[in-house]
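For the single chain, residues carry numbers from 1 onward in sequence order.
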Amino acid sequence: MKFALVEFEPVNSKPKLNTQKMIEIINETEEGTDLIVFPEMAFTGFTMNKELHSFQDTELVIQKSRSKNTAVLFGWIEKYSNNYYNSSTFFDPKTHRTLNYRKRKLFTYRGEEKY
């Protein structure tokens with residue numbers, strides 16, 4: 001298996017800019033890469049502005065990974081029911097499955113537990 005572990009520093013509170021950077025990285029990834037791993041909170045950076053969840057383009061990243069036939073893993077602010085989560089999503093283009101994980105052990109130093 002060939003993995004691409006992406007070292008990129010998302011710009012805080014700029015989900016459109018970060019999404020575009022993620023799309024560019026997927027486009028530039030070497031042919032035959034099986035999985036691209038983006039950092040936690042890749043779309044928004046480590047912001048506590050939960051309202052930015054609505055500006056994340058997770059579907060664009062999933063569509064791009066599907067077109068490259070490469071699995072993708074990324075972190076983002078997920079709204080589920082009336083709550084917000086620091087989540088990770090894995091998408092596999094071969095099975096068309098999407099799996100989510102919602103972080104349970106929050107980083108108290110940054111005050112995550114308050115949000």
[X] side chain near [Y] side chain, heavy-atom distance below 4.5 Å:
X: Trp76; Y: Thr44; answer: no
X: Phe38; Y: Val72; answer: yes
X: Tyr85; Y: Asn100; answer: no
X: Val61; Y: Ile23; answer: yes
X: Lys21; Y: Ile25; answer: yes

- Query: Does Asn12 reach the main-chain N or O of Phe46 with its side chain, forming a donor-acceptor pair under 3.5 Å?
  - Reply: yes
Side-chain donor or acceptor of Asn18 paired with backbone N/O of Val11 under 3.5 Å: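 Confirmed, Asn18 side chain pairs with Val11 backbone.
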Report the C-alpha separation of Phe74 and Ile62 in whole Å, then their side-chain angles, then the decisive distance to 0.1 Å, and conclude whether the side chain to side chain contact (heavy atoms under 4.5 Å, CB included) test is met. CA-CA 10 Å; Phe74 55 82; Ile62 288 172; 4.1 Å; yes
Taking all non-hydrogen atoms of both residues into account, name the closest pair between [X] and [Y] and its distance.
X: Ala42; Y: Pro10; result: O-CB, 3.3 Å
X: Lys50; Y: Ile77; result: O-CG2, 4.2 Å
X: Ser81; Y: Lys79; result: O-CE, 3.6 Å
X: Arg104; Y: Tyr101; result: N-OH, 3.8 Å
X: Lys94; Y: Asn69; result: NZ-O, 3.6 Å

ask   = Crowded around Phe55 CZ? As in, over 12 foreign heavy atoms under 6.0 Å?
value =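 No, the 6.0 Å shell around CZ holds no more than 12 heavy atoms from other groups.
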- prompt: Is the OH atom of Tyr80 crowded by more than 12 outside heavy atoms at less than 6.0 Å?
  reply: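 No, OH of Tyr80 has 12 or fewer neighbouring heavy atoms, counting only those of other groups under 6.0 Å.
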Between [X] and [Y], is there shared hydrophobic-cluster membership here, with clusters defined by ILVMFWY side-chain heavy atoms closer than 4.5 Å?
X: Tyr84; Y: Met41; answer: yes
X: Leu52; Y: Leu17; answer: no
X: Leu73; Y: Leu99; answer: yes
X: Phe43; Y: Phe91; answer: yes

Please walk me through it: do Ile36 and Ile26 pass side chain to side chain contact (heavy atoms under 4.5 Å, CB included)?
CA-CA 8 Å; Ile36 302 170; Ile26 294 170; 3.9 Å; yes
Which residue pairs pass the side chain to side chain donor-acceptor pair (under 3.5 Å) test with at least one member in residues 52-62, sequence neighbours excluded?
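For residues 52-62: Lys16-Asp57.
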Check side-chain contact (heavy atoms from CB on, under 4.5 Å) between Thr95 and all other residues, then give those that pass, not counting sequence neighbours.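 For Thr95, the residues satisfying side-chain contact (heavy atoms from CB on, under 4.5 Å) (neighbours in sequence not counted) are Asp92, Arg97.
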The side-chain contact (heavy atoms from CB on, under 4.5 Å) partners of Glu30 (sequence neighbours excluded) come to Lys2, Thr33
So salt bridge (Lys or Arg N to Asp or Glu O under 4.0 Å) across residues 3-13, not counting sequence neighbours, yields none
Could you work out, with salt bridge (charged side-chain N to carboxylate O under 4.0 Å, His left out) as the rule, every residue matching Glu31, not counting sequence neighbours?
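Partners of Glu31 under the salt bridge (charged side-chain N to carboxylate O under 4.0 Å, His left out) test: Lys68.
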Sorted by chain and number, sequence neighbours left out, salt bridge (charged side-chain N to carboxylate O under 4.0 Å, His left out) with Arg102 holds for Glu78
So CE of Met1 and CG of Leu35: to nearest 0.5 Å the spacing works out to 6.5 Å
